[in-house]
Colleague: 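Pasting a structure below so you can have a look.
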Amino acid sequence: MMVLFILMFLLQMQLPKKFVWNPTFYHADRQPFGCYVFDSIMRQSLPQGYQVTDKTFRQLDEENRNRKIAVVVLDNSLRLKKVDVAHLRKIAQRGGKVMVAYHWGGSEELDSSFHVDMSSGAFYLDNIMRRMASQQDVYDTLTWSRSQVVYAQREYRKATVLAYSLQANRKFPSAVSLPCGKGEVIFVATPLLFTNMGVLDDVSSQYVFRIMSQMADLPVYRTEAYLESKVKLEAERSPLRELLKRPPLRWAVYLIML
């Protein structure tokens, strides 16, 4: 029986691995829409430091009252409470920077505080997947709006995981920086850009680094405190769950139990 189990296991290991297209933004997730690669590259690239944390805006604010920091939050559907937005503003007002990347959700408090509407940046994964399956071109173009000496004005193709900047012949901003006290809050309508798939694309990675460079002069914290997908992902990583969800391994377990 043990020989059968080993054979089943070896067979399963040889089968092609399937990608999981669920956006998690979780630092331990190596799937296309996780952030394992993104976080690893940022740790090596940002000169003032980069770390992933579970701390909320309130905790980060209270622990860093005497210094300026940058905070990044990524999610498909971001849910922030009034207290979160209040501490977000405090971090920015004393000279810090906060980047919130999401394509819907936020909160009424966040929207009213900064007068933003992220609904125009909506991106639908099922539409993208259908276009990929039919081998259609799912790239679009982004143009950096500021003219700077360091970055020449040019166009950047957005990766397949991003929202489109042109809708019904109208241009919609995909990244906006708003002043807040001595600092700023950056709104990005394309959160899936900051995933493994986005940062590994040769073209879209240039856009990723360009946005992240806006915070390179400060220590950067990416908080996972607001990720609803994190608990679900950790549950799915259970070894027994991994065995049971694969038919050959599941039957091997059943046979061993019998």
Side-chain angles (χ1 to χ4, degrees), residues 24-28 34-75 77-102 105-116 118 144-146 148-151 173 175-191 193-195 199 207-231:
T24 66
F25 302 96
Y26 185 30
H27 76 94
C35 285
Y36 177 83
V37 178
F38 171 76
D39 291 333
S40 300
I41 293 177
M42 290 301 108
R43 286 193 187 99
Q44 300 295 324
S45 304
L46 296 179
Q48 300 302 320
Y50 175 94
Q51 59 180 288
V52 181
T53 179
D54 288 326
K55 296 177 180 177
T56 63
F57 280 114
R58 178 177 181 176
Q59 293 172 309
L60 290 170
D61 175 32
E62 293 177 346
E63 292 178 5
N64 297 276
R65 287 180 176 175
N66 298 321
R67 68 170 186 154
K68 303 174 185 178
I69 62 171
V71 182
V72 175
V73 58
L74 311 172
D75 206 352
S77 172
L78 183 62
R79 302 293 184 184
L80 295 181
K81 299 178 181 179
K82 185 175 181 179
V83 64
D84 299 318
V85 178
H87 287 280
L88 179 158
R89 294 182 67 91
K90 288 181 179 180
I91 292 173
Q93 286 170 346
R94 61 170 170 265
K97 300 178 182 180
V98 179
M99 187 186 83
V100 286
Y102 63 98
S107 69
E108 292 183 3
E109 181 71 20
L110 183 64
D111 295 346
S112 61
S113 294
F114 295 96
H115 306 288
V116 297
M118 303 293 278
W144 191 256
S145 60
R146 297 178 182 176
Q148 299 179 1
V149 177
V150 178
Y151 298 105
V176 178
S177 175
L178 299 178
C180 183
K182 297 180 181 179
E184 63 179 316
V185 178
I186 302 171
F187 288 89
V188 181
T190 53
L193 182 70
F194 301 86
T195 60
V199 79
Y207 187 70
V208 173
F209 282 113
R210 193 153 183 184
I211 293 180
M212 294 301 295
S213 70
Q214 306 304 301
M215 299 174 286
D217 58 330
L218 298 174
V220 179
Y221 295 83
R222 186 175 78 84
T223 175
E224 295 185 327
Y226 306 99
L227 288 182
E228 296 180 357
S229 59
K230 184 174 180 179
V231 175

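Both backbone and side-chain heavy atoms feed into the values below; hydrogens, waters and symmetry mates do not.
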Colleague: Find out whether Leu110 and Tyr102 are in side-chain contact, i.e. whether some heavy atom of one side chain is under 4.5 Å from a heavy atom of the other.
Modeller: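 Yes, at least one pair of side-chain atoms sits under 4.5 Å.
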Colleague: Working note: Val188 + Leu193, criterion side-chain contact (heavy atoms from CB on, under 4.5 Å); need CA distance, chi angles, decisive distance, verdict.
Modeller: CA-CA 10 Å; Val188 181; Leu193 182 70; 5.5 Å; no
Colleague: If you measure from CG on Leu178 to CZ on Phe187, what distance do you get to the nearest 0.5 Å?
Modeller: 6.0 Å
Colleague: Could you tell me the separation between the CD1 atom of Ile69 and the CD1 atom of Ile91, rounded to the nearest 0.5 Å?
Modeller: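 Reported to 0.5 Å precision, the distance equals 4.5 Å.
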Colleague: Does the Gln59 side chain pair with the main chain of Thr56, one donor and one acceptor, at a distance under 3.5 Å?
Modeller: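 Between the backbone of Thr56 and the side chain of Gln59 there is a qualifying donor-acceptor contact (under 3.5 Å).
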Colleague: Let's go through Tyr50 and Val72 carefully: what are the C-alpha distance in whole Å and the side-chain angles of both, what is the deciding distance for side-chain contact (heavy atoms from CB on, under 4.5 Å) to 0.1 Å, and is it a yes or a no?
Modeller: CA-CA 10 Å; Tyr50 175 94; Val72 175; 5.5 Å; no
Colleague: Heavy atoms only: give me the nearest Gly34-Thr24 pair and the separation to one decimal.
Modeller: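 That would be CA-OG1, 3.7 Å.
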Colleague: Applying salt bridge (charged side-chain N to carboxylate O under 4.0 Å, His left out), name anything that partners Arg89, two or more places apart in sequence or on another chain.
Modeller: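 Listed in chain order: nothing, the list is empty.
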Colleague: Closer than 3.5 angstrom, by distance alone: can the side chain of Asp61 be matched with the main-chain N or O of Phe57 as a donor-acceptor pair?
Modeller: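 No; judged by distance alone, with no hydrogens or angles, the pair does not exist.
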Colleague: For the pair Phe38 and Met212, evaluate side-chain contact (heavy atoms from CB on, under 4.5 Å) and give the outcome as yes or no after the intermediate values.
Modeller: CA-CA 11 Å; Phe38 171 76; Met212 294 301 295; 4.1 Å; yes
Colleague: Rounded to the nearest 0.5 Å, what separates atom OH in Tyr36 from atom OG1 in Thr195?
Modeller: 15.5 Å
Colleague: What's the separation between atom CZ in Phe25 and atom CG in Leu227, rounded to the nearest 0.5 Å?
Modeller: 8.0 Å
Colleague: Could you tell me which non-hydrogen atom of Arg222 sits nearest to which non-hydrogen atom of Tyr26, and how far apart they are?
Modeller: NH2-C, 4.2 Å
Colleague: Can you give me the closest heavy-atom contact between Ala225 and Lys55, atom names plus distance?
Modeller: CB-O, 3.6 Å
Colleague: Check Lys68 with Asp217, please: is the shortest side-chain N to carboxylate O separation under 4.0 Å?
Modeller: no
Colleague: Roughly how far apart are Arg67 CZ and Leu218 CG, rounded to 0.5 Å?
Modeller: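 Arg67 atom CZ to Leu218 atom CG measures 9.5 Å (nearest 0.5 Å).
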Colleague: Assess the residue pair Phe194 and Val199 against the criterion (side-chain contact (heavy atoms from CB on, under 4.5 Å)); give the C-alpha distance rounded to whole Å, side-chain angles, the decisive distance to 0.1 Å, and a yes or no.
Modeller: CA-CA 6 Å; Phe194 301 86; Val199 79; over 6 Å; no
Colleague: Would you compute the distance between atom NZ of Lys81 and atom CZ of Arg58 and round it to the nearest 0.5 angstrom?
Modeller: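 Between atom NZ of Lys81 and atom CZ of Arg58 there are 11.5 Å.
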Colleague: Determine yes or no for a side-chain-to-main-chain donor-acceptor pair under 3.5 angstrom, with Lys97 supplying the side chain and Gln214 the backbone.
Modeller: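 Looks like yes, one N/O pair under 3.5 Å.
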Colleague: Can you find a pair of side-chain heavy atoms, one from His87 and one from Leu60, that are under 4.5 Å apart?
Modeller: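 No; the side chains remain at least 4.5 Å from each other.
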Colleague: Which heavy atom in Ala101 sits nearest to a heavy atom in Pro191, and how many Å separate them?
Modeller: O-CB, 3.5 Å
Colleague: Got Val100 and Leu88 here, is their nearest side-chain heavy-atom distance under 4.5 Å?
Modeller: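 In short, these two side chains touch, coming nearer than 4.5 Å.
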